[in-house]
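Structure first, commentary second.
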Amino acid sequence: MQRRTATMTAAFAGLVLAATAAAAPSYAADSTAPARTGSAAAHAKGPKGDGAKKLCRRVPKLEKRIDRRLKRMEGPVGTRGSLAYLEQRIADAKKADDTAIAKFLGDRLTTREGLLNTLKEKQPDLKSVATWCAANNGGAKDKAAPTA
């Protein structure tokens, strides 16, 4: 009974495979590229604006997000995600003679320190964007254009 079921299953799979191969169009014979859709053609021309209005709407959320991350990363040893917390984990791994774990955590610490520096660099840039948005009606086109 089992051999008969396996044979039937294999035969059915072969029929399905043959039917799909026969029904599928051959793209090898076509030398033309597929036609572009409307949205693909619109993206090929480039952006319609500088995105100032959308960025101005996002600035408050971005500021809060950066502030939260900085506060967490600069937190004490008891704060998960802080540099001090990760340094303590590295010290504990070295004490337990887990060199592979200590190396992995050390690499994470290096990455996190780089992220901390990047966030500190971006924070003043974001504040200047917020100032610009306040002075230019939230990035609206009528006030955002420079006057000559």
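Hydrophobic clustering, with ILVMFWY side chains joined whenever heavy atoms are under 4.5 angstrom apart, keeps Y85 apart from F104. No path of Ile, Leu, Val, Met, Phe, Trp and Tyr side chains, each step under 4.5 Å between heavy atoms, connects W132 with V129, placing them in separate hydrophobic clusters. L119 and L126 fall within a single hydrophobic cluster, where Ile, Leu, Val, Met, Phe, Trp and Tyr are joined by side-chain heavy atoms under 4.5 Å apart, directly or via other members.
Residues L116 and R112 are not in side-chain contact: their nearest non-hydrogen atoms beyond the backbone lie 4.5 Å or more apart.
The backbone N or O of A52 lies less than 3.5 Å from a partner atom in the side chain of D50, making a donor-acceptor pair.
Remark: C133 SG to K53 NZ distance equals 12.0 Å, nearest 0.5 Å. Once rounded to the nearest 0.5 Å, the distance linking CG of N137 with SG of C56 reads 9.5 Å. With values rounded to the nearest 0.5 angstrom, T111 atom OG1 is found 9.5 Å from L86 atom CG.
Contacts of D107 classified as side-chain hydrogen bond (donor to acceptor under 3.5 Å, both in side chains), with partners at least two apart in sequence or in another chain: K103.
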Could you pull out every donor-acceptor pair under 3.5 Å between side chains of residues 87-101 and any protein atom, sequence neighbours left out?
unit_1 : atom_1 : unit_2 : atom_2 : d
Q88    : NE2    : D92    : OD1    : 3.0

Hey, can you pull the donor-acceptor pairs under 3.5 Å for the side chains in residues 63-81, sequence neighbours left out?
unit_1 : atom_1 : unit_2 : atom_2 : d
D67    : OD1    : Q123   : NE2    : 2.7
E74    : OE2    : K120   : NZ     : 3.0

